[in-house]
Amino acid sequence: LLIDWINRTLQEEHIVVKSLEEDLYDGLVLHHLLEKLGSLKLDVDKMALTEKKQRQKLSVIMEAVAKCLQLEESQLKWSVESVLTKDLLSTLHLLVAIAQHFDPSLTLPPNVQVETITIEVFLVPVFVTVDDAFDELFSRAPDKLEAVKKVFLQFVNQHIGKLGLSVKDIKSQFSDGVILLILIGQLEGYFLNLRNFFLTPASTTEMV
């Protein structure tokens, strides 16, 4: 019923919702819905592609909803985090509240009950060294080694590519330690003084 209502309301915007969990968490549909129903102008971008932007967008939306519905924070059955993490129950509470306020003619089924099950996951730490993992890979799944190397190459180049560097062969290009030092600097966010190591080592001693 709620999906049909959203799609009817936003038909002119050519927005089609198929899943309440997957289509509402980023705030785009909620943004359009509030602007259409409440004639509100929200001071936030329509599109939010990063999680940070989505969180900011949802925060503005939640403030607008609370203000329109005149609800205190303690009365809210939803939050930015719950909607962002695709919590269906929170999303349903939010949509029902919006529908009842802005479109009271919409006939919602009475006395709806939702049963929720909370599952607690207990993580048991298992200490496995990288050597163990690669020994396992070599012995049991050598065919997967190239795929693993490809993932590592993508990871390395994603970070050192910002400096105009590129790695094509892990074995040869990591052997002198230079790329490894530069990668660590990029990952940790600091600049390595070039006087502290040889950028183009010419001997084993310089590599060490």
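All heavy atoms count here, side chains included; hydrogens, waters and symmetry mates do not.
Counting only heavy atoms from C-beta outward, the side chains of S166 and I160 never approach each other to under 4.5 Å. The closest side-chain heavy-atom distance from I6 to I15 is not below 4.5 Å. Side chains of L2 and L108 form a contact here, defined as non-hydrogen atoms less than 4.5 Å apart. Within the 4.5 Å cutoff, the side chain of L92 has no heavy atoms near those of the V112 side chain. Side-chain contact between F197 and D176: absent, with no pair of heavy atoms (C-beta onward) separated by less than 4.5 Å. Within the 4.5 Å cutoff, the side chain of L24 has heavy atoms near those of the L95 side chain. For the pair F198/T205, no side-chain contact is recorded, criterion being any heavy-atom separation below 4.5 Å from C-beta on. A 4.5 Å side-chain heavy-atom check between I170 and F152 finds at least one atom pair inside the cut-off.
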Identify each donor-acceptor pair in which a side-chain atom of residues 55-68 lies under 3.5 Å from a protein atom, sequence neighbours left out, and give them as a table.
residue	atom	partner	partner atom	Å
R55	NE	E81	OE2	2.5
R55	NH2	E51	OE2	3.1
R55	NH2	E81	OE1	3.3
R55	NH2	E81	OE2	3.2
K57	NZ	H31	ND1	2.6
K57	NZ	D45	O	2.5
K57	NZ	K46	O	2.9

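A single hydrophobic cluster is not seen to contain both L1 and V16; linkage of ILVMFWY side chains at heavy-atom distances under 4.5 Å, directly or through other members, places them apart. There is no path of hydrophobic side-chain contacts, each under 4.5 Å, that joins I182 to V208. Both L194 and L180 belong to a common hydrophobic cluster when Ile, Leu, Val, Met, Phe, Trp and Tyr are linked at side-chain heavy-atom distances under 4.5 angstrom.
Taken to the nearest 0.5 Å, the CD atom of E13 stands 10.5 Å off from the CG atom of L28. Atoms CG and NZ, on N7 and K18 in that order, are 10.0 Å from each other to the nearest 0.5 Å. In this structure, the separation between CG on L49 and CG on D26 is 9.0 Å, given to the nearest 0.5 Å. For the atom pair CG of L163 and CD1 of I179, the computed distance is 9.0 Å after rounding to the nearest 0.5 Å. Taking CZ of R8 as the start and CD1 of I3 as the end, the distance is 12.0 Å to the nearest 0.5 Å. Remark: K77 NZ to H93 NE2 distance equals 5.0 Å, nearest 0.5 Å.
Looking only at distances, no side-chain donor or acceptor of E188 sits under 3.5 Å from a matching main-chain atom of I184. The closest donor-acceptor contact from the side chain of N157 to the backbone of L153 lies under 3.5 Å. No donor-acceptor pair under 3.5 Å is formed between the side chain of E21 and the backbone N or O of L88.
None of V156, V167, L165, V178 except one satisfies the side chain to side chain contact (heavy atoms under 4.5 Å, CB included) rule with L183; the exception is V156.
Considering every non-hydrogen atom in both L69 and H101, the closest pair reads CD1-CG, 3.7 Å. Contact record, E22 with S19: N-OG, 3.2 Å, taken as the closest heavy-atom pair. The nearest pair of heavy atoms linking Q54 to Y25 is OE1-CE1, 3.9 Å.
Counting non-hydrogen atoms of other residues, nucleotides and ligands closer than 6.0 Å to NZ of K53 gives a total of 12 or fewer. Around CD of Q11, the count of heavy atoms belonging to other residues, nucleotides or ligands within 6.0 Å does not exceed 12. Counting non-hydrogen atoms of neighbouring residues, nucleotides and ligands closer than 6.0 angstrom, the CD atom of Q75 exceeds 12 such neighbours. Crowding of E72 atom CD: a count of heavy atoms from other residues, nucleotides or ligands under 6.0 Å not exceeding 12.
For the residue pair S82 / S79, a side-chain donor-acceptor distance below 3.5 Å is found, with atom types taken as modelled. For the residue pair T85 / D87, no side-chain donor-acceptor distance below 3.5 Å is found, with atom types taken as modelled.
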side-chain contact (heavy atoms from CB on, under 4.5 Å) evaluation trace for I98 with W5: CA-CA 11 Å; I98 291 173; W5 170 68; 4.1 Å; yes
